[in-house]
Amino acid sequence: MNKFPLKTFLVGLLIAMPFLAYAINIGPTPDDYYKTHDYGYNYVEGLTRLSIIFAVLFFGAALAIIHFKLSNKVKQLSVFAAAVVVTTVAYMSGIAWYICFWLPLVYLLWPVYSLWTEPSIQESRQKFVASLKDKDEETRTSSKILFWTGMLIAQTGAFLGMAEMGDLTQMWIQSPRWLAMWVFFWRWPIFWISFAALALSIWIWNREKVIQKGWVIALSILMVANIVTWFVPGQMFQTKQHDAEFVHFDVTDEVLFDRTELTVIEIDGEAVGYPDPFIVQTHATGTEIAGQKVAMTHCGLTHLSLAYEPIIDGQEVNLKVFTQLANNLVLFDTKTNQPIQQLSGKTEFSGKAMRSLPSFRINYGNYKKLFPDGKVFWYPIVDFTEDPIEHLWNSWVRWIIYILVNEQHANPTEATFPTVDWDDRRLPAKELIYGLRGENNQEAFTKDYIVSKKDIKTTVDGREVRVIYFSEFDSVMAFYSDGYEGPVTPYGMTDDGRELERYEGLVSEAFWMIWAYFYPETTAFNV
């Protein structure tokens, strides 16, 4: 009997199941901090496509296995049915966010289970298991010492790099700052020593079977997997310092809400806005505004974008992502191998810093009113038909970022990454503050305090600064006033025709717990 129609139906069912279940989803709609018209959810669509690709590959392979190799077809098809039920229930329960990530593993279980339990390949399976137990009954003590010394060095080096440079691993592994910097500085010697030690261990084992073959394979895989995590942040958070794209409002109007938050830098009347949903993955984005080189940095965990001139000692830096420490982004300059803390802009080893450039926060709708000719940083997820690999990868990356950032906003007292030692209770941990970041004194204001005062005069590093709330644009800006006390426009213009210089040390809407960690001597103002 021709089973082709049945197999075609089963494959089609598996392909369609996530779409059908998602279409009739009766679960709750997730509260997405970065939600916009279509941009905020296209990463879920990308993950769905990724799941479907795995469905075709794994279930197609499983059907072929059942047809050509396996004898117990009823049992295997029952597992197939169970997988369909799991998929359907997961999507209809409103947990598509998570099932998109785990579903490929569910798909993979069926063919693996089918092969492992198949009676017709029992003899081959037994031979494979026996080969994993391959071990010499007697080996020299010197060989054992050399093998385990090499393996210990390899595992220790790989684990250190994973713990300090794996980024996401810091949700579970916390270590002092000095250790992270030490491992980063020596990462390449550690890398080569680890692989040389592993090669030594495998060479010793090949001469004398010190332990079972299965353990050698497992330890080698573990070491390589830990090494791979060293490079994950750089691939997840690909900075756009030299190839960023900027567009006008006619393009971004199709994607962004008026309430979407962005950070703006304005120089000589030329303005560029950086929406949170676009810059959250790149972490650092470069351009040139009115002849001024600019690097806009962003840390989702701190809820902070800061602009810098990407130059140190007269040389332009090349920024890449290193990790986060104390829930704040750490970049590094590939030219000098110097880590750079985002909040301060300072290098770790030399103490030199990039020059801060003034910026302010505003929503997209008000930005268009304030700067009708302004530009917007543009970094949507590329369409699946244009570049399937980039689409799926960036969808997965932003899904992870959004989950972590949403958690940072949702938990009022605890940090998503428990790497910030904070005990300053003058303000709530997740209060979004406006900070004045001077070398000699720092001040922090809640937005409620600024709104109540509307115009605050203070002194930072011996120079007078005014922090002003512009209610018509719902935006806080800071200017060097130098004695001027009259009204000021959002462009810095005064009644007497002067243009006030924007204050470059304004930190807009950073979480208090992170600000207080880096600036423990700060003053704090609340209503």
Side-chain angles (χ1 to χ4, degrees), residues 152-195 222-239 282-284 297-304 306 308 312 317-354 397 400-401 404-405 408 414-423 510-511 513-520:
L152 180 62
I153 292 173
Q155 298 295 339
T156 301
F159 178 82
L160 272 175
M162 179 272 293
E164 305 306 327
M165 298 189 298
D167 193 66
L168 294 177
T169 57
Q170 294 190 31
M171 295 185 70
W172 305 278
I173 302 172
Q174 294 87 52
S175 55
R177 183 184 187 91
W178 70 264
L179 181 58
M181 295 302 170
W182 184 89
V183 171
F184 175 80
F185 186 79
W186 294 103
R187 64 191 183 282
W188 288 116
I190 294 173
F191 176 89
W192 293 114
I193 290 172
S194 298
F195 268 107
L222 175 63
M223 182 266 186
V224 173
N226 283 338
I227 287 285
V228 168
T229 64
W230 298 19
F231 307 97
V232 168
Q235 295 304 313
M236 292 178 66
F237 316 126
Q238 297 181 12
T239 57
T282 65
H283 284 58
T297 65
H298 179 85
C299 179
L301 292 177
T302 308
H303 189 259
L304 179 63
L306 287 176
Y308 291 99
I312 297 177
V317 298
N318 184 43
L319 298 174
K320 297 295 180 183
V321 173
F322 166 23
T323 186
Q324 65 80 28
L325 290 174
N327 279 232
N328 183 244
L329 170 68
V330 181
L331 299 158
F332 75 98
D333 175 21
T334 61
K335 297 178 181 178
T336 62
N337 205 35
Q338 288 265 359
I340 302 173
Q341 192 75 46
Q342 185 224 11
L343 192 52
S344 66
K346 291 183 178 179
T347 58
E348 187 71 21
F349 304 129
S350 70
K352 297 176 181 178
M354 299 183 292
V397 169
I400 292 177
I401 294 173
L404 295 175
V405 173
Q408 185 81 315
E414 300 294 332
T416 298
F417 286 75
T419 57
V420 54
D421 184 14
W422 164 80
D423 59 2
F511 286 124
M513 64 177 185
I514 300 167
W515 171 266
Y517 173 85
F518 283 97
Y519 299 108

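Numbers here simply count residues along the sequence, with the first being 1.
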Set out, in order, the CA-CA distance, both residues' side-chain angles and the distance that settles side chain to side chain contact (heavy atoms under 4.5 Å, CB included) for Asp333 and Ile312, then state yes or no. CA-CA 10 Å; Asp333 175 21; Ile312 297 177; 5.9 Å; no

Can you say whether the rings of Phe237 and His283 are parallel (under 30°), tilted (30 to 60°) or perpendicular (over 60°)? tilted

Search all heavy atoms of [X] against all heavy atoms of [Y] and return the closest pair with its distance.
| X | Y | result |
| --- | --- | --- |
| Met513 | Ala415 | CE-CB, 3.6 Å |
| Leu160 | Val183 | O-CG1, 4.0 Å |
| Ala158 | Ile227 | CB-CG1, 3.9 Å |

State the [atom1]-[atom2] distance between [X] and [Y], to the nearest 0.5 angstrom.
| X | Y | atom1 | atom2 | value |
| --- | --- | --- | --- | --- |
| Gln341 | Glu348 | CD | CD | 7.5 Å |
| Ile190 | Met165 | CD1 | CE | 7.0 Å |
| Gln408 | Phe511 | CD | CZ | 5.0 Å |
| Glu164 | Phe322 | CD | CZ | 7.5 Å |
| Trp230 | Arg187 | CH2 | CZ | 9.5 Å |
| Thr347 | Asn337 | OG1 | CG | 11.5 Å |

I would like to know whether Thr336 and Val317 meet side chain to side chain contact (heavy atoms under 4.5 Å, CB included); could you show each step before the answer? CA-CA 8 Å; Thr336 62; Val317 298; 5.9 Å; no

Does the side chain of [X] reach to within under 4.5 Å of the side chain of [Y], using non-hydrogen atoms?
| X | Y | answer |
| --- | --- | --- |
| Phe184 | Pro339 | yes |
| Trp515 | Leu304 | no |
| Ile340 | Leu319 | yes |
| Ser194 | Phe159 | no |
| Asn327 | Tyr517 | no |

So, the side chain of Thr156 versus the backbone of Ile153: is there a donor-acceptor pair under 3.5 Å, distance only? no

Could you tell me whether a side-chain N or O of Tyr308 sits under 3.5 Å from a main-chain N or O of Gly345, the two making a donor and an acceptor? yes

From Thr169, Leu404, Thr323, residue fulfilling side chain to side chain contact (heavy atoms under 4.5 Å, CB included) relative to Phe417: Leu404

Side chain to side chain contact (heavy atoms under 4.5 Å, CB included) for Val397 and Gln238? Distances and angles first, verdict last. CA-CA 11 Å; Val397 169; Gln238 297 181 12; over 6 Å; no

Short side-chain donor-acceptor distance under 3.5 Å, Asn328 and Gln342: yes

Taking atom types as modelled, find out whether Gln170 and Thr419 have a side-chain donor-acceptor pair closer than 3.5 angstrom. no

Does atom NZ of Lys352 have more than 12 heavy-atom neighbours from other groups under 6.0 Å away? no

Is the distance between the ring centroids of Trp188 and Phe191 less than 6.0 Å? yes

Please walk me through it: do Thr416 and Leu301 pass side chain to side chain contact (heavy atoms under 4.5 Å, CB included)? CA-CA 8 Å; Thr416 298; Leu301 292 177; 4.3 Å; yes

